[in-house]
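Below is one structure, written out as structure tokens; comments come after it.
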Amino acid sequence: MSLLSATTITISTHHSSLSFAHTITARHRLKSPPSIANRRPFKVFCVDYPRPELDNTSNFLEAAYLSSTFTTASRPPNPLNIVIAGAGLAGLSTAKYLADAGHKPILLESRDVLGGKVAAWEDDDGDWYETGLHIFFGAYPNVQNLFGELGINDRLQWKEHSMIFAMPNKPGEFSRFDFPDVLPAPLNGIWAILRNNEMLTWPEKVKFAIGLLPAMLGGQPYVEAQDGLSVQDWMRKQGIPDRVTTEVFIAMSKALNFINPDELSMQCILIALNRFLQEKHGSKMAFLDGSPPERPCMPIVNHIESLGGQVRLNSRIQKIELNKDATVKNFLLSDGSIIKGDAYVFATPVDILKLLLPEEWKPLPYFKKLDKLVGVPVINVHIWFDRKLKNTYDHLLFSRSPLLSVYADMSVTCKEYYDPNRSMLELVFAPAEEWIARSDSDIIDATMSELSRLFPDEIAVDQSKAKILKYHVVKTPRSVYKTVPDCEPCRPLQRSPIEGFYLAGDYTKQKYLASMEGAVLSGKFCARAIVQDYELLAAREKVVAEASLV
């Protein structure tokens, strides 16, 4: 979300009296608040866990080695100036590792906020609201390395090793998958699944396990070969009952890519299961202790600038101007200024790249195949209530509702957002395609209707129970790329066929798909390609400089 923020993100702020005035006055007389005697016992748990042992996993060591190649590389005699568009995690990662290698990144961000798809804003009351509900997994080795390299591991608040699902048929109740710490992977994951008898029956578990055997035995080649099938189609092909999809994988599909199993590529699910089940702490989750722009993004900026790089906000790219040989001449900004470099990187969402792609490049197969990669719409909802909700946890919760994906009580899970007296629910509203153009009040009404099922003793649609103090709705019409079947061949490598032009972003080729981990890894791959091309790029700039003197 970096370059066309005015058209790609809509942020709305409201207080309850604006959108619920008619509802409250029409219905408040019908019901009175429940008595204190009838309320459930307080169920909020506020315990952060120690950082898990991640540093000895093969994926973590692989990520650490890749990071080390930048700091140990020979210092370039003439550092390159690399212009990078987009200060999301992909752009920040690209700039960070190029600076580590001795080069001079110039990072341009169209808005006045860092983070791209992890951006957040502070309102007039000092409360934060975010582009999305961002969870950091143990199976994010490049993200974990990045935090360690910056000395900010303590900014992740680790939660108990569980996955918690709401029970639509049992309002107000949850079902848990608890991963025992005493067992190694994948036994801890298998134990968590076998111990849960509320969501799947034993025959369903057995059929699901048999259906997964080819993926477990076939490894990565098998996983990649499933890209052409949707989750629903793959499940049926493997003879897995539809109830497994509706009970578990609808929630997982919406959490991973904001779409339902009939649209999502099965490769996405298998990659997630592989990461979560093959590493003991792979599915363990952490929340940031504050807002994404301040907690991880600013330390990256400080690091870049300490090594001679630059980060410029409010720098929107209007056009990629070309030389006669179709290579990049410069970036033209919307204020008329021109930014030149020795190499150029686009680290924006794929939709923004396609909008600014020069006509001369569009026929090239590398860029042509981007047509199938389209950002998925998503809505993030924040609601501040006038009381502390009791039927919640200090954790991420899978709502399993038709309109909501996951949610969390951020007044409990995040130190900076902590409030002992009131709850702030942050909820991912997905799938959002049919709702993205709807009014904020419609979205809030629909959210409250779903919440009344999740919190039947505490929340009512008419606000006769918990009342809304205020809310924020953040719409992102084009978020992460929509991981539908047959997308994998369309994902580009970070090095483009245009000499001196590179891509970064979670849609580019890397093994973690559309995620924060994928964005960071894509930035490392992009930086590595530029470092590898140093001699070529340095020679090219020398030729250009000599030609300009003639």
Side-chain angles (χ1 to χ4, degrees), residues 1-9 81-99 103-120 131-132 134 146 292-293 296-298 300-301 304-305 309-320 328 330-335 337 339 341 343-358 367 370 373 375 476-481 491-492 494-496 498 500-510 514-527 529-530:
M1 294 310 109
S2 342
L3 296 181
L4 297 182
S5 56
T7 57
T8 57
I9 294 183
N81 292 310
I82 300 108
V83 183
I84 304 167
L89 289 179
L92 288 165
S93 172
T94 304
K96 190 266 184 191
Y97 291 105
L98 284 171
H103 296 290
K104 305 299 179 187
I106 304 168
L107 186 57
L108 308 176
E109 168 58 47
S110 72
R111 298 182 291 177
D112 60 357
V113 61
L114 298 166
K117 290 190 283 288
V118 302
T131 308
H134 305 292
L146 179 60
C297 293
M298 272 309 300
I300 302 175
V301 169
I304 292 166
E305 293 180 340
Q310 303 175 44
V311 180
R312 305 181 188 178
L313 301 179
N314 299 305
S315 299
R316 184 186 302 274
I317 295 177
Q318 180 176 311
K319 186 180 181 182
I320 303 172
V328 180
N330 57 256
F331 285 170
L332 174 66
L333 303 189
S334 57
D335 63 3
S337 59
I339 306 294
Y344 300 85
V345 177
F346 244 67
T348 71
V350 66
D351 302 276
I352 306 243
L353 168 65
K354 289 191 290 187
L355 282 173
L356 293 173
L357 206 61
F367 295 110
L370 299 179
L373 301 181
T476 308
R478 291 287 181 266
S479 183
V480 296
Y481 78 96
R491 299 175 70 195
Q494 287 75 28
R495 182 188 285 110
S496 87
I498 306 299
F501 184 77
Y502 303 81
L503 298 179
D506 58 18
Y507 70 92
T508 62
K509 197 74 172 178
Q510 40 75 27
S515 63
M516 292 185 290
E517 171 69 10
V520 170
L521 181 55
S522 78
K524 292 175 86 168
F525 283 169
C526 182
I530 293 171

- request: List for me each residue that meets side-chain contact (heavy atoms from CB on, under 4.5 Å) alongside Leu313, sequence neighbours excluded, and say none if there are none.
  value: Glu109, Leu114
statement: Rounding to 0.5 Å, atoms NZ (Lys117) and CG (Asp506) come to a distance of 4.5 Å
task: Mind checking ring-ring contact (aromatic ring centres under 6.0 Å, His included) for Tyr344 and listing every partner two or more places apart, or none if nothing turns up?
output: Phe331
- request: Grab the two heavy atoms, one from Leu356 and one from Gln318, that are nearest each other, plus how far apart they are.
  value: CD2-O, 3.4 Å
query: How many angstroms lie between atom OG1 of Thr94 and atom CD1 of Ile530, to the nearest 0.5 angstrom?
result: 7.0 Å
statement: Closest heavy-atom pair, Lys354 versus Leu370, reported as atoms and distance to 0.1 Å, is NZ-O, 3.2 Å
Whether Asp351 side chain and Arg478 backbone form a donor-acceptor pair below 3.5 Å: no
message: How long is the straight-line distance from CD1 of Ile106 back to CZ of Arg312, given to the nearest 0.5 Å?
response: 5.5 Å
Over all atoms of both residues, closest heavy-atom pair of Val113 and Ala120: CG2-O, 3.4 Å
- prompt: Excluding sequence neighbours, so at least two apart, what forms side-chain contact (heavy atoms from CB on, under 4.5 Å) with Ala527?
  reply: Phe70, Tyr97, Leu98
statement: Rounded to the nearest 0.5 angstrom, the CG-CG distance for Leu108 and Asn314 is 11.5 Å
- request: State the CG-CD1 distance between Leu353 and Ile317, to the nearest 0.5 angstrom.
  value: 10.5 Å
message: I'd like to know whether Leu146 forms a side chain to side chain contact (heavy atoms under 4.5 Å, CB included) with Ile300, so could you lay out the CA-CA distance, the side-chain angles of the two residues, the decisive distance to 0.1 Å, and finally the verdict.
response: CA-CA 9 Å; Leu146 179 60; Ile300 302 175; 3.9 Å; yes
message: Can you tell me how far apart OH (Tyr502) and CD1 (Ile82) are? Round to the nearest 0.5 Å.
response: 9.0 Å
statement: Sorted by chain and number, sequence neighbours left out, side chain to side chain donor-acceptor pair (under 3.5 Å) with Thr508 holds for Gln494
message: Could you work out, with salt bridge (Lys or Arg N to Asp or Glu O under 4.0 Å) as the rule, every residue matching Lys319, not counting sequence neighbours?
response: none
message: The criterion is side-chain contact (heavy atoms from CB on, under 4.5 Å); which residues satisfy it with Ala99, sequence neighbours excluded?
response: Pro105, Leu307
message: Under the rule for salt bridge (Lys or Arg N to Asp or Glu O under 4.0 Å), what residues qualify as partners of Lys524, not counting sequence neighbours?
response: none
task: Please confirm whether the backbone N or O of Gly86 pairs with a side-chain atom of Thr348, one donor and one acceptor, at under 3.5 Å?
output: no
task: Applying side chain to side chain donor-acceptor pair (under 3.5 Å), name anything that partners Ser334, two or more places apart in sequence or on another chain.
output: none
- prompt: Looking at residues at least two apart in the chain, or sitting in another chain, which of them share a side chain to side chain donor-acceptor pair (under 3.5 Å) with Lys509?
  reply: Glu488
task: For residues Pro492 and Leu373, determine if any side-chain heavy atom of one lies less than 4.5 Å from a side-chain heavy atom of the other.
output: yes
message: Run the side chain to side chain donor-acceptor pair (under 3.5 Å) test against Asp112 and tell me which residues pass, sequence neighbours left out.
response: none
Return a table of donor-acceptor pairs under 3.5 angstrom between the side chains of residues 516-523 and protein atoms on other chains or two or more places apart.
unit_1 : atom_1 : unit_2 : atom_2 : d
Glu517 : OE1    : Asn142 : N      : 3.2
Glu517 : OE1    : Val143 : N      : 2.9
Glu517 : OE2    : Asn142 : N      : 2.9
Glu517 : OE2    : Asn142 : ND2    : 2.7
Ser522 : OG     : Gly505 : N      : 2.9
Ser522 : OG     : Gly505 : O      : 3.3
Ser522 : OG     : Ala519 : O      : 2.7

